[in-house]
There are 2 protein chains.
Amino acid sequence: MGRRTPSNRPTLARVAERAGVSVSTASLAFSGSGPITPETRDKVFAAATDLGYTGPNPLGRQLRRGRSGIIGVVIGDHPRRAFRDPVAVQVLDGLVDALGTEKLGVLLIPGVDGGEDAVDPLIETAAMDVAVLVWGVLTKDPTLAALQRRDVPVVVGEGRAVEGAPLVALEDRAGAAEAVRHLVELGHTRIAEISLPFGRGERSGPVDADRISRADRTPTVHRMAGIRDVVEPVITWETPASLVEHGRDAATEILGTWVPASERPTAIVAHSDLLAAGAVIAARELGLRIPEDVSVAGFDGLDLPWLSPDVLTSVHQPLREKGTRLGQAAIGLLAGEEPTSVSLPVGLVPGTTTGPAPVG
Amino acid sequence: MGRRTPSNRPTLARVAERAGVSVSTASLAFSGSGPITPETRDKVFAAATDLGYTGPNPLGRQLRRGRSGIIGVVIGDHPRRAFRDPVAVQVLDGLVDALGTEKLGVLLIPGVDGGEDAVDPLIETAAMDVAVLVWGVLTKDPTLAALQRRDVPVVVGEGRAVEGAPLVALEDRAGAAEAVRHLVELGHTRIAEISLPFGRGERSGPVDADRISRADRTPTVHRMAGIRDVVEPVITWETPASLVEHGRDAATEILGTWVPASERPTAIVAHSDLLAAGAVIAARELGLRIPEDVSVAGFDGLDLPWLSPDVLTSVHQPLREKGTRLGQAAIGLLAGEEPTSVSLPVGLVPGTTTGPAPVG
DNA sequence: CGGCGCGGTCAAATCGATTCGACATGCGCT
DNA sequence: AGCGCATGTCGAATCGATTTGACCGCGCCG
């Protein structure tokens with residue numbers, strides 16, 4: 001059991017030789033399915049254990065098969081930021097699970113810092129049978145372009161459909177509309193919006209109609225549209241990422257210094273639960289009662305025990321299912337099925353953070 | 001630009017043929033380093049773009065090289081649980097970064113639900129040049145055993161050293177001792193401990209000396225030892241995972257019903273920041289002031305904006321650096337260097353959650 | 001003017017497996 | 001007894017690249 005150098009690692013050929021059979025027969029023995037007598041198979045296995053051979057070398061098998069068994073998962077940012085959002089984590093979980101049933105592995109591909117057209121080198125060179133673009137594609141997406149050049153089949157989560165690629169979407173627009181309708185029914189008229197990022201750049205602050213019209217990122221665009229299906233927000237605040245601190249900063253401005261108290265928004269709808277949680281914390285810090293003074297609605301349906309005693313009113317999404325669907329879409333593509341797209345339903349679940357609008 | 005079936009995907013041989021050169025020359029052209037005239041190279045590149053060839057097939061290259069360019073990262077649990085802890089996310093981030101510099105990719109390998117000896121199929125069959133066991137190894141670890149059988153070099157984070165494998169550890173014991181010493185210096189004598197899991201099983205509740213002695217998981221064991229280097233806790237509460245809700249549950253018991261108020265612990269030291277945050281929330285819910293009535297110290301040094309206005313007193317660890325060191329260790333192994341281990345320093349950073357022990 | 005060396009190109013071996021078609025054996029059936 | 005078929009085994013081709021060593025022609029130097 002000493003250390004072995006790569007060069008003396010046993011191969012199928014050596015096993016076959018030792019077992020006194022041909023390489024093909026040895027291969028058949030390991031594949032398990034071919035026609036082979038039990039004795040021959042045992043002979044091969046015995047030789048294998050003698051030599052310390054633990055099964056076919058994946059590299060050889062992959063080359064022959066023309067498949068790597070690897071699915072590239074493009075998370076669009078550095079892990080520390082992408083996974084700071086529990087939403088991404090749950091989707092990934094479903095994805096890993098679904099792919100695991102087919103013995104497919106997940107190769108993590110981070111986004112890049114670089115300029116406009118920069119893509120991670122893995123996109124260009126890594127072996128993968130399918131790539132999953134979890135957070136959709138931009139209108140001119142260098143990552144998508146590189147994958148298409150390489151003929152790597154693609155599965156898209158969220159947003160814009162790509163020719164020949166299955167799309168797994170959520171009913172963002174309807175869900176956002178539902179959340180705002182809930183607020184309107186409670187009597188709110190001055191509703192502020194805290195939004196997800198609009199595009200590549202990192203910006204934060206209030207936005208005007210012009211910038212809104214140029215938003216280029218998919219959950220953002222759909223959720224903004226859904227909100228506007230019901231009401232026009234009194235203000236829209238862009239954030240650089242779905243993180244508690246950004247929601248807190250935005251709400252501190254919106255509820256604090258932005259307008260005189262008499263014109264203060266009575267409700268905030270945020271594009272994500274983390275942003276909404278930040279808004280709740282900001283309201284607490286400003287001495288505002290929730291929901292008596294201000295209502296807050298989120299989006300995602302996360303379980304946030306640390307927000308206790310408040311429970312967010314939120315639009316629940318089947319996040320894990322989104323992951324499993326993405327995985328199944330990838331598997332389907334490998335099986336040669338025609339790409340089919342789905343849009344998963346979402347639904348409002350009221351919590352303790354929304355209530356009737358204050359009178360006057 | 002129509003769809004191509006795998007069979008008519010261009011190969012280096014076809015490019016060479018079209019360019020009127022040999023395969024070896026074409027290969028040289030793409031490798032970039034070989035001796036070749038600019039004209040020949042351009043001829044090859046022109047033929048390549050004609051055919052839509054985007055570079056050597058990774059599978060062929062990998063087989064020849066004997067390297068897959070993939071590092072398996074064993075996270076020891078399902079992603080939704082492993083990555084719910086920001087600690088894991090930061091380590092992963094450093095790891096991905098470090099490996100990215102060498103164009104190595106991260107293959108995510110989850111833990112399994114199954115019985116004692118179950119391992120993820122990827123462990124047995126996936127191609128990987130090195131495996132990183134981020135959260136250490138158990139005393140009898142089926143994952144480690146499977147990897148050793150396959151001759152996959154291993155890098156270990158945390159805990160027990162493995163023969164021939166670099167170990168990247170943190171000075172857990174000293175850090176834990178420092179945290180408790182801080183509490184003792186503040187006058188605390190009744191100190192409770194909320195601990196990380198002891199082993200595979202999911203248990204929660206107070207533990208006795210016998211169970212403590214049988215703990216088999218590395219950060220847990222070291223942190224317990226460090227605490228006991230300074231003081232014996234009045235109670236140790238085991239939790240099934242490093243999550244806010246478990247810390248909250250534990251602290252609710254410890255500070256609430258467990259003993260009469262006069263004997264209530266005046267300080268809690270938790271093995272992680274998420275557990276500590278849960279304890280802070282529990283204290284708030286019980287109407288206890290922090291730090292006047294109860295002090296809470298954590299471990300990890302996370303940034304937890306949602307705990308505002310409190311800032312945890314915590315032992316800061318270089319988590320991202322742990323990740324980069326793990327990555328560098330893997331790279332070193334691939335380069336044939338002798339495995340070397342490191343232990344990274346940690347340090348107490350006082351926040352607002354610890355203060356002098358209440359008098360009486 | 002001849003030989004040496006070097007830059008550039010190429011043929012062939014190699015990485016480790018899978019799989020197709022051929023082949024040998026033995027059995028059953030007429 | 002002879003034919004055909006099923007069963008099990010094997011040889012050889014193949015997947016797509018990298019790399020070594022041979023080879024060739026040309027320029028430079030003695």
Side-chain angles (χ1 to χ4, degrees), chain A residues 4-44 47-48 51-69 124-129 150-151, chain B residues 4-44 47-48 51-69 124-129 150-151:
Chain A
R4 273 185 295 231
T5 61
S7 56
N8 67 2
R9 178 174 306 207
T11 71
L12 191 56
R14 300 251 295 272
V15 172
E17 186 187 23
R18 172 156 190 139
V21 301
S22 76
V23 193
S24 353
T25 304
S27 175
L28 255 17
F30 278 101
S31 88
S33 58
I36 201 167
T37 54
E39 301 91 70
T40 322
R41 192 173 13 142
D42 291 347
K43 217 163 45 179
V44 173
L51 263 46
Y53 181 84
T54 50
N57 179 325
L59 262 26
R61 176 207 287 267
Q62 284 172 18
L63 174 59
R64 185 63 239 249
R65 284 252 162 94
R67 292 257 172 104
S68 64
E124 307 273 19
T125 61
M128 47 188 155
D129 299 338
R150 283 185 62 188
D151 273 334
Chain B
R4 272 185 295 233
T5 60
S7 56
N8 67 1
R9 180 173 304 204
T11 70
L12 191 56
R14 300 250 295 272
V15 171
E17 186 187 21
R18 172 153 190 142
V21 301
S22 76
V23 192
S24 354
T25 304
S27 174
L28 256 17
F30 278 101
S31 88
S33 58
I36 202 168
T37 53
E39 301 92 69
T40 322
R41 190 169 17 135
D42 290 347
K43 217 165 44 180
V44 173
L51 265 44
Y53 180 84
T54 51
N57 179 324
L59 263 26
R61 175 207 287 271
Q62 285 171 17
L63 173 60
R64 185 62 236 255
R65 285 250 163 94
R67 292 257 172 104
S68 64
E124 306 273 19
T125 61
M128 47 188 154
D129 299 338
R150 282 185 63 189
D151 272 334

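Per chain, numbering begins at 1; letters A, B, ... match sequence-line order.
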Describe the nucleic acid contact of [X] in one word from base, sugar-phosphate, nothing, applying a heavy-atom distance below 4.0 Å.
X: B:Pro56; answer: sugar-phosphate
X: B:Thr11; answer: sugar-phosphate
X: A:Ile36; answer: sugar-phosphate

Open item on the list: Please report the end-to-end axis angle for the helix from C:dC1-D:dG30 to C:dT30-D:dA1, five pairs per end, rounded to 10 degrees.
Closed with: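 The helix from C:dC1-D:dG30 to C:dT30-D:dA1 shows an end-to-end axis angle of 50°.
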In Å, rounded to the nearest 0.5 Å, how long is the span from [atom1] of [X] to [atom2] of [Y]?
X: A:Leu59; Y: A:Ser68; atom1: CG; atom2: OG; value: 10.5 Å
X: A:Ile36; Y: A:Glu39; atom1: CD1; atom2: CD; value: 10.0 Å
X: B:Asn57; Y: B:Thr11; atom1: CG; atom2: OG1; value: 9.0 Å
X: B:Leu63; Y: A:Arg64; atom1: CG; atom2: CZ; value: 12.5 Å
X: B:Arg9; Y: B:Arg14; atom1: CZ; atom2: CZ; value: 11.5 Å

So, OP1 or OP2 of [N]: does either fall under 4.0 Å of a side-chain N or O from [X]?
X: A:Ser24; N: D:dG11; answer: no
X: B:Arg64; N: C:dT14; answer: no
X: B:Thr40; N: C:dT9; answer: yes
X: A:Thr25; N: D:dC10; answer: yes
X: A:Tyr53; N: C:dG16; answer: no

TODO: Provide the closest heavy-atom pair for B:Phe30 versus B:Gly55 in the form atom of the first, atom of the second, distance.
DONE: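 So the two residues come closest at CE2-CA, 4.4 Å.
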Task: Considering all heavy atoms, the nearest A:Leu12-A:Tyr53 contact - done: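 Distance-wise, the nearest heavy atoms are N-CE1, 3.6 Å.
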Whole-Å distance separating the [atom1] atom of [X] from the [atom2] atom of [N]:
X: B:Arg67; N: D:dT18; atom1: CZ; atom2: C1'; answer: 14 Å
X: A:Leu12; N: D:dC15; atom1: CG; atom2: P; answer: 19 Å
X: B:Asn57; N: C:dC15; atom1: CG; atom2: C1'; answer: 14 Å
X: A:Arg9; N: C:dT14; atom1: CZ; atom2: C1'; answer: 17 Å
X: B:Arg14; N: D:dG16; atom1: CZ; atom2: P; answer: 9 Å
X: A:Glu17; N: D:dG11; atom1: CD; atom2: P; answer: 13 Å
X: B:Arg65; N: D:dG16; atom1: CZ; atom2: P; answer: 18 Å
X: B:Glu39; N: C:dG8; atom1: CD; atom2: P; answer: 9 Å

Open item on the list: Looking only at the side chain of B:Leu63 (C-beta and beyond, no hydrogens), which of the listed nucleotides D:dG16, C:dT18, D:dT19 gets closest?
Closed with: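 In terms of side-chain proximity for B:Leu63, the closest of D:dG16, C:dT18, D:dT19 is D:dG16.
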Open item on the list: Any N or O donor-acceptor pair under 3.5 Å from the base of D:dG8 to the side chain of A:Thr37?
Closed with: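 Absent.
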Task: Donor-acceptor pair present, B:Ser22 side chain and C:dA11 base, under 3.5 Å - done: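 Donor-acceptor pair under 3.5 Å: no.
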Open item on the list: Assess the residue pair B:Arg41 and B:Val44 against the criterion (side-chain contact (heavy atoms from CB on, under 4.5 Å)); give the C-alpha distance rounded to whole Å, side-chain angles, the decisive distance to 0.1 Å, and a yes or no.
Closed with: CA-CA 5 Å; B:Arg41 190 169 17 135; B:Val44 173; 5.6 Å; no
Open item on the list: Both B:Gly60 and B:Val23 contact DNA chain C. Which one's nearest nucleotide lies toward the 5' end?
Closed with: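 It is B:Val23 whose nearest nucleotide is closer to the 5' end.
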